[in-house]
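Working notes for the structure below.
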Amino acid sequence: MPEKKPAADLVLVTFEDRVAFVTLNRPDKRNAMSPALNQRMLEVLDELEGDERCGVLVLTGAGESWSAGMDLKEYFRDHDDKLRHATLKARRQAGGWWNRLMFFEKPTVAMVNGWCFGGAFTPLVACDLAIAAEEAQFGLSEINWGILPGGNVTRAVAEVMRHRDALYYIMTGETFDGLKAAEMGLINEAVPLAGLKARVRAICDRLLEKNPVTLKAAKDTFKRVRNMPWDAADDYIYAKLEQMLFLDKTRGRDEGLRQFLDEKSFRPGLAAYRKAK
């Protein structure tokens, strides 16, 4: 059956002091990603990209789950009898928003409050940072129902997890908690659920202190150069630096140097320079 909930209600957006909290809102389905939800997420990212109320984007889930992954009925069972072009269209549409998320204009933080399974690993890894509740449960359960982690889940896992750990959970389908996820590098850290939002808020506040043009250039550069040869990476980094200096109308680099060298009012190793209001 088609999604009953209005499209606008599938993803909730609230603003708190320049942080946009984006909430996947299908708690009755453990926030499984349906075609309608994925389409709405693309629209939300478009809307937030130029919204000055959003300095940092935090992605979370309603209820007790972050996301149970792809909606098995709507993306698998409902496509069993359809032609290949329909299946390909659904597959492309499913990956559209997390691909946008990976190179989003603003810093992104996954706030994993509960269940995170299968297809949810792609937006999880696409976020720049990830903080989870210690109680959160993660799993690559595809092996248990006869497939492999698709939709670039396998690629996402290979990006951040250690080789042996990734293969173990791909091959066994066992679950693991937030503490184990942090130990393996899938997330940055795990904290008790009761303190999850406060910890994420503290990280967001730290990010909001930084020059946004520099943040965008720094995170994109890291993601792009990881698989480049050294000489190509060196060229890309300097090109990105020049682009950043051109795009930064506040001339943050010059202001930072002035405050450090002339005013001696801050130490780069300990804090960020004071941005103009």
Side-chain angles (χ1 to χ4, degrees), residues 10-33 37 41 44 48 54-71 97-98 101-102 104 106-142 144 149 153 156-157 159-162 165-166 168-170 172-208 219:
L10 294 172
V11 180
L12 305 179
V13 181
T14 57
F15 297 95
E16 299 179 17
D17 299 323
R18 298 200 63 230
V19 176
F21 287 89
V22 177
T23 304
L24 306 180
N25 188 37
R26 299 182 77 207
D28 55 319
K29 300 289 187 182
R30 293 189 182 273
N31 303 319
M33 295 177 286
L37 182 146
M41 271 302 307
V44 166
L48 291 178
C54 174
V56 179
L57 185 155
V58 173
L59 182 64
T60 191
E64 298 179 351
S65 299
W66 197 71
S67 174
M70 303 301 289
D71 188 306
W97 72 269
W98 64 257
L101 189 65
M102 185 172 292
F104 194 63
K106 299 162 184 180
T108 57
V109 182
M111 185 170 75
V112 186
N113 52 305
W115 280 53
C116 178
F117 275 71
F121 278 51
T122 44
L124 172 67
V125 172
C127 286
D128 300 322
L129 304 174
I131 312 296
E134 294 174 354
E135 301 92 327
Q137 291 294 306
F138 297 80
L140 296 163
S141 59
E142 288 86 345
N144 292 332
V153 173
V157 170
E159 181 75 7
V160 295
M161 286 175 63
R162 297 189 299 252
D165 292 326
Y168 181 86
Y169 288 104
I170 287 172
T172 66
E174 292 180 13
T175 60
F176 53 94
D177 63 15
L179 290 170
K180 185 65 176 179
E183 177 191 324
M184 297 187 296
L186 179 61
I187 62 173
N188 291 95
E189 63 183 88
V191 299
L193 178 61
L196 177 61
K197 186 171 181 179
R199 176 58 181 146
V200 169
R201 178 72 238 193
I203 293 172
C204 291
D205 288 340
R206 179 64 60 88
L207 294 172
L208 288 168
K219 69 173 190 167

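In what follows, residues are counted from 1 in the order of the sequence shown. Just so we're clear, the structure is a prediction, and the values are computed from it rather than from any experiment.
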What do you reckon, is CZ of R162 surrounded by more than 12 foreign heavy atoms closer than 6.0 Å?
yes
V19 to C204 - nearest heavy-atom pair and separation
CG2-CB, 3.6 Å
Would you find a donor on one side and an acceptor on the other, under 3.5 Å apart, between the side chain of S67 and the backbone of G69?
yes
So does A62 get a backbone contact from the side chain of N31, meaning a donor-acceptor N/O pair under 3.5 Å?
yes
Short side-chain to backbone donor-acceptor contact, N113 and S65, under 3.5 Å
yes
Rounded at 0.5 Å granularity, tell me how far CG in L179 sits from CD in E135.
8.5 Å
State, yes or no, whether a side-chain contact exists between T60 and W66 at a heavy-atom distance under 4.5 Å.
yes
Closest approach of L101 to C127 (non-hydrogen atoms, all atoms of both residues)
CD2-SG, 3.6 Å
State whether E64 and R30 are salt-bridged, where the test is any N-O pair (Lys NZ or Arg NE/NH1/NH2 against Asp/Glu carboxylate O) under 4.0 Å.
no
Treating K180 as the side-chain partner and T175 as the backbone partner, does any N or O pair qualify as donor plus acceptor under 3.5 Å?
no
Test V125 against L186 for side-chain contact (heavy atoms from CB on, under 4.5 Å), laying out the working first.
CA-CA 8 Å; V125 172; L186 179 61; 4.2 Å; yes
Using modelled atom types and a 3.5 Å cut-off, is there a donor and acceptor pairing between side-chain atoms of Q137 and backbone atoms of W115?
no
Quick one: are N25 and L10 in side-chain contact, heavy atoms under 4.5 Å?
no
Which heavy-atom pair separates L48 from V22 by the least distance, and what is that distance?
CD1-CG2, 3.6 Å
All heavy atoms of A110 vs all of L124, minimum pair found to be CB-CD1, 3.8 Å
Under the side-chain contact (heavy atoms from CB on, under 4.5 Å) rule, what do V109 and L57 come out as? Steps first, then yes or no, please.
CA-CA 6 Å; V109 182; L57 185 155; over 6 Å; no
Take a 6.0 Å sphere around CD of E134 and say whether it holds more than 12 heavy atoms from other residues, nucleotides or ligands.
yes
Distance, nearest 0.5 Å, that separates CE of M33 from CG of L24
7.5 Å
Please name the pair of heavy atoms, one in F138 and one in G178, separated by the smallest distance, quoted to 0.1 Å.
CE1-CA, 3.8 Å
Closest approach of L196 to A133 (non-hydrogen atoms, all atoms of both residues)
CD1-N, 3.9 Å
Are L207 and L129 close enough that some pair of their side-chain heavy atoms sits under 4.5 Å apart?
yes
Salt bridge check: are E16 and K197 linked by an N-O gap of less than 4.0 Å?
yes
Reported CG-to-CG distance for the pair D71 and L37, which is rounded to 0.5 angstrom
9.5 Å
Is there a side-chain contact between V200 and M111 (heavy atoms, below 4.5 Å)?
yes
The reported gap from OH in Y168 to CE in M184 (rounded to nearest 0.5 angstrom) is 10.5 Å
Quick check: do R201 and D17 have side-chain heavy atoms less than 4.5 Å from each other?
yes
Using salt bridge (Lys or Arg N to Asp or Glu O under 4.0 Å) as the criterion, list what pairs up with K106, not counting sequence neighbours.
none
From W98 atom CH2 to T108 atom OG1, the distance as rounded to the nearest 0.5 Å
13.0 Å
Can you tell if the side chain of I203 reaches within under 4.5 Å of the side chain of D205, non-hydrogen atoms only?
no
Look up atom CD1 in I170 and atom CG in L140, then write down how far apart they are to the nearest 0.5 Å.
6.0 Å
Would you call the rings of F121 and F176 parallel, tilted or perpendicular if under 30° counts as parallel and over 60° as perpendicular?
perpendicular
I want to check something: taking the side chain as every heavy atom from C-beta on, are I187 and I131 in contact at a cut-off of under 4.5 Å?
no
